[in-house]
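Everything below concerns the one structure shown next.
Worth saying up front: this structure is predicted, and the values here are computed from it rather than measured. First the proteins, then the strands, lettered A, B, ... as listed; each starts at 1.
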Protein chains: 2
Amino acid sequence: MHTKLEIPKKSIYRLSIYQRCLDRLRENEIETVSSEALAKAAGVKPTQLRKDLAYFGQFGTRGLGYNVGLLADTIGDVLGRNHLQPVILVGAGNLGAALLHYGGFNKEGFEILAAFDRSPERVAHVATTSQIPIKLDTEFPEFIQKNGVKMAILAVPVPFAQQVATALVEAGILAILNFSPTILEVPAHVQVNAVDLAVELENLSYFIR
Amino acid sequence: MHTKLEIPKKSIYRLSIYQRCLDRLRENEIETVSSEALAKAAGVKPTQLRKDLAYFGQFGTRGLGYNVGLLADTIGDVLGRNHLQPVILVGAGNLGAALLHYGGFNKEGFEILAAFDRSPERVAHVATTSQIPIKLDTEFPEFIQKNGVKMAILAVPVPFAQQVATALVEAGILAILNFSPTILEVPAHVQVNAVDLAVELENLSYFIR
DNA sequence: AATTGTGAATTGATTCACAGCT
DNA sequence: AGCTGTGAATCAATTCACAATT
């Protein structure tokens with residue numbers, strides 16, 4: 001009997017980065033890449049790349065390197081990224097609306113199906129500038145269930161973040177990308193990644209003396 | 001003679017989070033907080049909070065806890081956040097323009113002085129919807145020097161990211177918040193924090209089976 | 001000859017456990 | 001009595017070094 005191998009969160013994270021690098025190699029029709037070259041592109045050490053991959057199996061050819069297409073597909077499978085993943089966005093204020101207009105998610109295999117906000121005025125207003133449908137918060141439980149949505153982007157003001165997160169989880173959401181600068185309490189089966197833009201900037205400012 | 005104490009990057013990062021929590025306590029006129037309570041709000045263990053603070057000195061009172069205002073000021077000093085920090089933004093495409101409209105940075109002690117883009121059309125277009133002045137890329141070296149800007153937010157397309165980063169560094173920028181999904185090569189004295197929205201989402205999708 | 005895959009060694013971060021103040 | 005500050009212990013991640021493979 002073997003112990004359930006514990007894969008570090010950071011390895012998973014780097015897998016996404018490797019895949020992006022592989023995508024670029026593929027665009028340039030490069031078929032083979034060594035751990036050294038790929039690691040360089042991803043900003044890590046070659047041994048780390050190899051260790052990360054080792055959690056999932058053996059994909060390289062000794063003496064040769066990795067097949068770009070094969071490795072990209074494998075990582076895509078691991079990350080569950082080989083099929084389009086539907087996402088909703090909750091909170092269409094400054095940042096939320098900004099993320100709606102930012103098209104970058106679609107290219108990477110995610111589709112924002114709809115956005116939600118608690119304010120009818122904002123729903124009406126944002127609706128005029130976005131192709132993505134925007135609805136009232138009250139509608140998201142039904143929407144999530146009907147469309148089998150598992151991922152949500154949360155960009156509501158701090159005082160509402162926890163209650164909205166709880167409602168999302170109740171409606172069946174399993175993963176939240178949280179832009180609200182606060183710690184969310186969620187059940188263990190729900191995964192939260194936080195992006196805190198102000199903290200990123202603030203953290204940088206330490207390093208400039 | 002003592003060795004230069006090496007402070008983990010992660011501790012610095014958490015310092016920013018602690019400070020945000022302290023700000024909220026201050027707003028609620030709470031004067032004292034224990035490591036346990038503050039750690040809970042920040043989503044870490046109390047011992048970790050204490051270890052993080054220990055890198056910079058002793059700020060608590062045994063038996064009592066920390067003085068909220070004092071600790072906030074101290075962390076603010078450490079992070080260099082007690083004075084307004086000027087920032088420029090380079091790249092006013094989808095995401096760049098979005099970040100411009102997002103006001104969240106100002107509240108946290110950062111001021112986006114100006115934005116820059118390489119396309120004259122975009123400069124003209126974004127100028128109509130933003131109060132922040134937007135100029136051509138070619139003008140940033142002079143602007144950086146004149147205004148003593150040390151931090152830049154980079155949101156240009158991947159093919160330009162490296163060359164723009166290099167130019168920013170040459171002009172005197174010391175810290176870059178990089179939204180372009182690529183690894184930047186910069187001299188050791190320059191600090192880069194990367195925010196890769198697609199990677200964050202992709203990483204989440206691993207955890208939903 | 002080149003390059004992967006991996007156990008062992010190392011380095012780093014977190015947590016424990018308790019001494020030291022107030 | 002309560003809570004911080006910190007050396008020691010543990011746990012986790014990274015890197016080394018080299019055997020295995022093409």
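- The side-chain contact (heavy atoms from CB on, under 4.5 Å) test applied to A:Pro141 returns A:Ala171, not counting sequence neighbours.
- A ring-ring contact (aromatic ring centres under 6.0 Å, His included) check over residues 19-46 of chain A, counting only residues at least two apart or in different chains, returns nothing.
- B:Ala167 pairs by the side-chain contact (heavy atoms from CB on, under 4.5 Å) definition with B:Phe140, not counting sequence neighbours.
- Side-chain contact annotation: B:Asn106 with B:Glu111, donor-acceptor N/O pair under 3.5 Å absent.
- Each of B:Arg14, B:Arg20, B:Arg81 was compared with A:Glu202 under the salt bridge (Lys or Arg N to Asp or Glu O under 4.0 Å) criterion, and only B:Arg81 meets it.
- For the contact set between residues 34-51 of chain B and DNA chain C, defined by any heavy atom under 4.0 Å, the members are B:Lys45, B:Thr47, B:Gln48, B:Arg50, B:Lys51.
- Atom pair A:Tyr55:OH and C:dG5:P shows a separation of 14 Å (rounding to whole Å applied).
- Partners of B:Phe59 according to the ring-ring contact (aromatic ring centres under 6.0 Å, His included) rule, which considers only residues two or more places apart in sequence or in another chain, do not exist here.
- Atom P of nucleotide D:dG5 and atom CG of B:Leu53 are separated by 7 Å, given to the nearest angstrom.
- Between B:Asn67 atom CG and D:dC3 atom P the separation is 16 Å, expressed in whole Å.
- Each ring-ring contact (aromatic ring centres under 6.0 Å, His included) pair with one or both residues in residues 160-209 of chain B, not counting sequence neighbours, would appear here, but there are none.
- Distances from the side chain of B:Tyr66 to the nucleotides C:dA13, C:dT14, D:dT4 place D:dT4 closest.
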Atom pairs, protein N/O to nucleotides 19-22 of chain D N/O, distance under 3.5 Å:
{"unit_1": "D:dA20", "atom_1": "N3", "unit_2": "A:Arg62", "atom_2": "NH1", "d": "2.8"}

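- Residues passing the ring-ring contact (aromatic ring centres under 6.0 Å, His included) test with A:Phe143 are A:Phe116, sequence neighbours excluded.
- If you check D:dT6, D:dA13, C:dG5 against the side chain of B:Gln58, the one that comes closest is D:dT6.
- In the helix from C:dA1-D:dT22 to C:dT22-D:dA1, the end axes, each obtained as the rotation axis mapping the C1' atoms of four pairs onto the next four within a five-pair block, lie 10° apart to the nearest 10 degrees.
- Counting to the nearest Å, the P atom of D:dT14 and the CD atom of A:Glu6 are 14 Å from each other.
- Atom CG of A:Asp52 is separated from atom P of C:dT4 by 14 Å (rounded to the nearest Å).
- Listed by first then second residue, pairs satisfying side-chain hydrogen bond (donor to acceptor under 3.5 Å, both in side chains) with a partner in residues 142-161 of chain B read B:Glu142-B:Lys146, not counting sequence neighbours.
- In this structure, A:Ile7 places its CD1 atom 21 Å from P of D:dC11, rounding to the nearest Å.
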Which atom pairs, donor and acceptor, lie under 3.5 Å between side-chain atoms of residues 60-67 of chain A and protein residues at least two apart or in another chain?
{"unit_1": "A:Asn67", "atom_1": "OD1", "unit_2": "A:Gly69", "atom_2": "N", "d": "3.0"}
{"unit_1": "A:Asn67", "atom_1": "OD1", "unit_2": "A:Leu70", "atom_2": "N", "d": "2.9"}

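- For A:Phe105, the ring-ring contact (aromatic ring centres under 6.0 Å, His included) partners at least two apart in sequence or on another chain are A:Tyr102.
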